[in-house]
Amino acid sequence: MKVIKIDKNSWTKGIDKSREAYKLFGPVKDKTIVIFKELEQGMFPEMEYTDSVLSAKSVIFPQTEKILGGSLDESIEDHHILKRPDTNYSPRAVLGIRPYDAKAIQLVKLNFDTEDYRDPYWCDAYEATTFIGLAINEPSAFDFSTLTDTGPFGEEGLDILLVDCKEEYLAKVLTDKGETFLKASGFEESANTKPSLKTIKALQSKAEKAITSKIDSSKIKDKTILELYEAPFWDDLAFSCINCGTCTYVCPTCWCFDIQDETRGKTCSRFRNWDTCMDPLFTMHGSGHNPRGEKTQRVRQRFMHKLKYFLDKYDKGIMCVGCGRCVKHCPVNIDIREVCNTMNSYEKQE
Amino acid sequence: MDSYTKKIRELASNLLKDNKVDMVIGFNQGTIPMATSPQVARTPEQALEFVWNSNCSINLANYLSNQKGKIGIVAKGCDSRNIVTHIIENKISREQLHIIGVPCTGMLDKVKISSSIDGEILSYSEEGDTITLKTKSSEQNIVKNDFLASNCETCTHRNPVIYDDLVADLVTEQKIDDPFKDVRKIEEMDSDAKWNHFENLLENCIRCYACRNACPLCYCPTCFVDESDPQWVGKGQNNIDVRTFHFLRAYHCAGRCTDCGACEQACPMDIKVRDFTRKLNKDALEIYGWEAGLTLEQRPPLDTFNPEDPDEFIK
Amino acid sequence: MENPYLPYPVRIDDIQIATEDKSLKTFKFVFLNEGDEEKFSYHAGQFAELSIPGIGEIPIGIASSPTEKGFVKFTVFKTGVVTSYLHNMKVGDIMGIRGPLGNWYPWDLLENKNVVIIGGGFAFTTLRSSIVYMLKEENRSKFKNIDVVYGARSPGMLLYRDELYEWEKRDDINMHITVDGTDDPTWKYNTGFVPTIVEEKAPKADKDSYAIVCGPPIMIKFTQPSLEKLGYKPDQIIMSLENRMKCGIGMCGRCNIGKELVCKDGPVFTLEEINKTPKEY
């Protein structure tokens with residue numbers, strides 16, 4: 001394991017240097033909130049943030065993305081034939097992504113990069129990206145990532161893990177991609193590995209201990225889908241839901257999307273947009289029939305997908321990385337920790 | 001606020017015990033500091049979970065649309081005004097309702113509080129006008145009135161306008177000299193500045209529709225943004241589509257909005273969407289002398305046709 | 001791997017009105033690019049996304065049979081934005097087809113078996129594909145008895161009427177055509193709902209019998225008890241489901257029934273499989 005020392009005084013200079021080879025993205029304070037954005041010249045990642053409202057998923061999976069385009073002008077040869085637009089997939093780097101968000105991208109990858117089909121937009125963006133994580137020294141009260149196989153210093157899906165050690169960052173180099181980025185930034189001063197790892201370890205165990213949320217999903221895999229689906233608690237859990245898309249849009253592991261065609265003059269574009277299972281339109285048939293027309297069915301779908309269907313389908317744990325965003329931002333305080341615990345402890349009455 | 005909580009529990013559980021209602025809609029304590037969760041009680045025991053504090057900003061009238069049966073509902077001033085609007089608009093009948101009126105002393109602006117406090121808020125309590133917040137390293141007291149949600153700062157209808165019970169004596173209504181100062185500030189901008197203001201305002205919108213869905217006025221079976229045939233609005237992040245959603249929604253609320261603030265409280269991106277509805281509220285007041293939800297006797301101005309209307313355009 | 005969102009360009013080669021109320025039309029498409037037809041190699045029971053640039057896409061069962069070469073055929077009910085637009089398109093217009101998508105009826109399993117095909121209304125498209133496939137000379141000997149129960153509201157609402165009457169004349173397939181009702185005195189087939197005709201006319205099941213069912217949810221629901229009475233077990237009842245879809249390749253997330261995605265793990269499931277999953281279709 002290689003560890004690089006980055007003096008905070010040389011941080012912005014290195015970032016600027018990396019721009020020559022990378023398009024940069026990172027957390028940015030915008031008015032009262034923190035969100036991930038492209039870091040244009042003069043912009044630097046906010047490295048002191050507790051949590052961002054939106055995760056970094058949009059770097060790989062933009063909320064609106066043109067996937068095909070064409071012309072409707074019958075006087076030109078290729079009219080009505082759709083083609084993939086030229087999107088720039090030159091190297092990009094996400095700075096300051098939290099470990100749970102990087103892990104989330106690994107979970108989402110299971111959906112977009114499969115044996116049968118490969119989503120070229122998601123995969124190309126993913127492959128172009130170097131993930132530079134920022135360990136969480138002080139987890140927020142909403143963070144329960146230690147209970148979802150991630151933790152504040154989790155390394156899965158990262159190329160580099162930065163650890164804030166006051167005057168400097170210690171950068172754990174996790175992949176070749178990470179090494180290339182550090183070189184391109186001029187961050188090459190090796191730290192003394194052993195003591196650095198010890199420092200990191202100490203910060204890590206302190207951070208992990210600070211997480212006190214309780215969530216237990218250990219018994220969910222032993223219950224059948226129908227047992228949980230038919231459980232009596234869904235109506236009560238769903239009552240307060242207003243069916244907005246907040247939980248799904250702030251969630252780093254939610255990947256559902258819609259495909260929409262638009263035209264402007266004789267030009268047509270096919271877009272994909274984030275979609276949400278909370279919206280009745282999500283499943284509405286052309287006939288008007290809707291298999292998930294009721295709010296309870298939609299709320300149940302969201303939690304069953306995250307905590308049961310995904311678990312059964314991939315055997316990679318639950319589809320939740322414990323970032324706590326949905327808990328924090330739900331306007332009516334529907335709390336996935338409670339739902340998960342309710343599902344976990346549910347025993348069907350014979 | 002403990003006396004409010006006690007009284008709400010008592011009234012609600014009695015209503016259920018005496019079979020006067022099938023359910024009562026109120027607030028339960030949330031799972032995180034400064035949060036409550038709308039809940040329904042169908043048994044007297046469940047009603048004992050209800051709470052009241054300065055974080056009950058979601059508008060419970062939103063949970064009434066198309067409900068069947070006899071319903072008890074906890075209602076602060078703005079909720080009661082939206083209940084009036086619901087009754088006028090035939091979403092529910094007065095006879096179906098038993099309104100537990102809450103004389104309100106204002107709700108808090110969570111963002112305002114968290115951005116003025118050092119560290120993450122780990123616990124919350126309130127006693128009269130004093131809010132006590134604990135962070136990892138400190139305990140701080142703040143004065144409630146300094147951190148009111150901005151709609152509560154200018155609210156002049158804190159008392160419920162219709163009710164069957166009251167949980168406390170009516171409170172003195174605020175006298176606000178210039179309730180639309182914020183709107184005038186925008187009105188006075190030149191058109192470029194105005195455009196920039198609104199562009200900037202909506203920049204972070206993710207179209208989660210939390211504002212719309214938290215709004216008791218937004219009960220259309222299919223919202224215009226969700227219509228597919230014809231499709232009025234694109235569904236992506238194109239800023240023309242985003243603006244169209246917000247502009248049209250605001251206009252759809254003209255003369256109906258009670259400025260309850262649920263839209264802003266619900267917005268995860270902290271967008272001040274009331275900048276739109278407030279302007280229309282001001283117009284409704286200045287042009288028609290109208291404030292929404294104060295009377296069951298009259299329909300909102302944009303919802304009435306009067307052959308005697310003195311204006312020419314209507315003929 | 002190719003871009004699964006990119007449709008093959010096709011030209012509309014023929015449009016036929018399929019039912020008397022004109023709500024269904026059958027479109028015949030030919031591929032514009034050489035080689036695309038081979039790439040679009042499909043099995044009876046699969047579907048495709050019909051893709052109209054600037055308007056949108058719609059998942060439709062493939063009505064032509066893999067044994068029919070040179071074109072692909074879809075019968076489309078006019079209901080939403082895309083299908084209404086399609087109904088107004090003309091022969092010669094260019095659009096796209098994306099697929100083939102989803103799984104298909106289990107043809108390997110059905111070899112040397114008795115097959116009863118049950119369809120209702122306009123959900124007869126992939127069943128037509130299947131019948132044409134099974135009746136093809138080189139395939140017919142692979143199957144034992146073939147029965148078909150197909151019903152529509154009225155004679156004029158039956159799809160592929162000419163073919164139905166041709167099949168009726170053959171001795172290697174037992175046709176049980178039915179309509180809900182008709183005032184046509186010359187109607188010489190059955191009258192009555194599909195579940196009733198199934199109970200009366202469909203063969204009893206033995207261990208080598210399979211039923212393929214495709215139709216509106218209400219028909220599927222009421223056909224199940226009829227098949228049970230005839231002795232069909234849940235693993236002998238094969239159904240094709242529909243749900244709202246967008247991507248058709250198992251990624252966009254909306255068409256799931258439990259952990260199964262109708263577009264990719266389906267649309268064909270046995271009743272045994274469906275019984276283990278939430279009935280969200």
Side-chain angles (χ1 to χ4, degrees), chain A residues 67-72 74 78-84 111-112 114 116-122 224-226 229-230 254-263 266-270 272 275 277 281-292 297 300-301 304-305 308-313, chain C residues 1-11 32-33 49 51-59 77-84 93-96 98 101 216-217 241-262 264-265 275-281:
Chain A
I67 57 170
L68 296 172
S71 170
L72 306 177
E74 302 205 354
D78 275 354
H79 71 88
H80 289 85
I81 294 179
L82 294 170
K83 296 198 175 78
R84 186 178 177 184
N111 183 62
F112 285 117
T114 73
D116 302 305
Y117 298 105
R118 188 174 171 275
D119 184 295
Y121 311 95
W122 194 95
T224 67
I225 284 176
L226 285 181
Y229 182 86
E230 287 160 359
C254 272
W255 65 62
C256 290
F257 61 88
D258 186 17
I259 299 178
Q260 287 278 325
D261 278 31
E262 291 184 17
T263 53
K266 294 276 182 198
T267 308
C268 66
S269 305
R270 184 160 291 163
R272 76 146 150 230
D275 205 348
C277 57
L281 284 186
F282 191 62
T283 49
M284 174 98 92
H285 289 201
S287 64
H289 166 68
N290 195 340
R292 291 199 283 269
Q297 295 170 317
R300 174 172 56 191
Q301 159 66 17
M304 284 294 281
H305 187 205
K308 180 62 180 168
Y309 303 153
F310 182 90
L311 177 78
D312 282 12
K313 184 165 177 165
Chain C
M1 231 185 272
E2 291 193 25
N3 183 346
Y5 297 97
L6 197 63
Y8 299 116
V10 292
R11 192 185 68 241
L32 287 189
N33 299 332
E49 289 280 352
S51 181
I52 307 176
I55 305 297
E57 296 189 311
I58 187 87
F77 176 62
K78 181 175 164 179
T79 172
V81 175
V82 180
T83 54
S84 300
D93 284 349
I94 306 296
M95 50 179 277
R98 197 154 66 76
L101 302 168
L241 301 185
E242 282 181 12
N243 249 353
R244 184 182 176 101
M245 293 171 190
K246 286 285 181 173
C247 70
I249 54 173
M251 289 179 183
C252 80
R254 75 200 57 239
C255 68
N256 70 301
I257 47 164
K259 72 184 202 321
E260 318 298 334
L261 293 155
V262 173
K264 185 160 166 257
D265 306 315
N275 283 342
K276 287 186 199 148
T277 194
K279 304 234 169 339
E280 288 185 340
Y281 54 84

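Keep in mind that the numbers below use all heavy atoms, side chains included, and drop hydrogens, waters and symmetry copies. Source: prediction; values computed, not measured. A, B, ... follow the sequence lines: proteins, then strands. Residue 1 opens every chain.
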Inset, instruction - With a 4.5 Å cut-off on heavy-atom pairs, point out which of Arg270(A), Gln297(A), Met304(A) contacts chain C the most. - result: Arg270(A)

Inset, instruction - Could you tell me which portion of Lys308(A) (side chain, backbone, both or neither) has an atom closer than 4.5 angstrom to a non-hydrogen atom of chain C? - result: neither

Legend entry - Side chain / backbone / both / neither for Ile52(C) at chain A, heavy atoms under 4.5 Å: backbone

Inset, instruction - Please flag which part of Asn33(C) lies under 4.5 Å from any non-hydrogen atom of chain A: side chain, backbone, both or neither. - result: neither

Legend entry - Under 4.5 Å from any heavy atom of chain C - which part of Asp275(A): side chain

Inset, instruction - State, with a plain yes or no, whether a side-chain heavy atom of Met245(C) is found less than 4.5 Å away from one of Glu57(C). - result: no

Legend entry - Choice from Asn243(C), Val82(C), Thr79(C) maximising heavy atom contacts with chain A below 4.5 Å: Asn243(C)

Inset, instruction - Can you tell which part of Tyr5(C) gets under 4.5 Å to a heavy atom of chain A, answering side chain, backbone, both or neither? - result: both

Legend entry - Side chain to side chain, Lys313(A) and His305(A), heavy atoms closer than 4.5 Å: no

Inset, instruction - Please look at Tyr121(A) and chain C and tell me whether the side chain, the backbone, both or neither of the residue comes under 4.5 angstrom of a heavy atom of that chain. - result: side chain

Legend entry - Residues in ring pair (Phe, Tyr, Trp, His ring centres under 6.0 Å) contact with Tyr229(A), at least two apart in sequence or another chain: none

Legend entry - Heavy atoms from other residues, nucleotides or ligands near NZ of Lys266(A) exceed 12 (cutoff 6.0 Å): no

Legend entry - Student check: side-chain heavy atoms of Val262(C) and Ile257(C) closer than 4.5 Å: yes

Legend entry - Region of Arg84(A) that comes under 4.5 Å of a non-hydrogen atom in chain C: both

Inset, instruction - Return the option, out of Thr224(A), Ile81(A), Thr267(A), Asn290(A), with the maximum number of heavy-atom pairs under 4.5 Å with chain C. - result: Ile81(A)

Legend entry - Between Asn111(A), Thr263(A), Leu72(A), the one whose heavy-atom pairs under 4.5 Å with chain C are most numerous: Asn111(A)

Legend entry - pair Leu68(A)-Lys83(A): side-chain heavy atoms closer than 4.5 Å: no

Inset, instruction - Check each atom of Pro9(C) against the heavy atoms of chain A and say whether the ones under 4.5 Å are side chain, backbone, both or neither. - result: side chain

Inset, instruction - Below 4.5 Å from any heavy atom of chain A, which atoms of Ile94(C) appear? Answer side chain, backbone, both or neither. - result: both

Inset, instruction - With a 4.5 Å cut-off on heavy-atom pairs, point out which of Glu260(C), Lys259(C), Arg254(C), Lys279(C) contacts chain A the most. - result: Arg254(C)

Legend entry - Heavy-atom check, side chain of Pro278(C) versus side chain of Leu226(A), under 4.5 Å: yes

Legend entry - Residue pair Arg272(A) / Asp119(A), side-chain heavy-atom distance below 4.5 Å: yes

Legend entry - Per-residue contact mode, Ser51(C) against chain A (heavy atom under 4.5 angstrom): both

Legend entry - Set of residues satisfying side-chain hydrogen bond (donor to acceptor under 3.5 Å, both in side chains) with respect to Gln301(A), sequence neighbours excluded: Arg292(A), Asn256(C)

Legend entry - Top of Ile67(A), Asp258(A), Asp312(A) for chain C proximity - count of heavy-atom pairs under 4.5 angstrom: Asp258(A)

Inset, instruction - Identify which part of Lys276(C) has an atom lying under 4.5 Å from any heavy atom of chain A, answering side chain, backbone, both or neither. - result: backbone

Inset, instruction - Could you tell me which portion of Glu230(A) (side chain, backbone, both or neither) has an atom closer than 4.5 angstrom to a non-hydrogen atom of chain C? - result: neither

Inset, instruction - Determine whether His285(A) and Pro291(A) make a side-chain contact, defined as any pair of heavy atoms from C-beta on separated by less than 4.5 Å. - result: yes

Inset, instruction - Measure distances from Ile225(A) to the heavy atoms of chain C and classify the residue's part below 4.5 Å as side chain, backbone, both or neither. - result: side chain

Legend entry - Over 12 foreign heavy atoms within 6.0 Å of CD, Glu242(C): no

Inset, instruction - Below 4.5 Å from any heavy atom of chain C, which atoms of Leu82(A) appear? Answer side chain, backbone, both or neither. - result: both

Legend entry - Validation row: Thr277(C), Tyr309(A) side chains within 4.5 angstrom (heavy atoms): no

Inset, instruction - Look at the aromatic rings of Phe112(A) and Trp255(A) and report parallel, tilted or perpendicular, splitting at 30° and 60°. - result: perpendicular

Legend entry - Per-residue contact mode, Ser287(A) against chain C (heavy atom under 4.5 angstrom): backbone

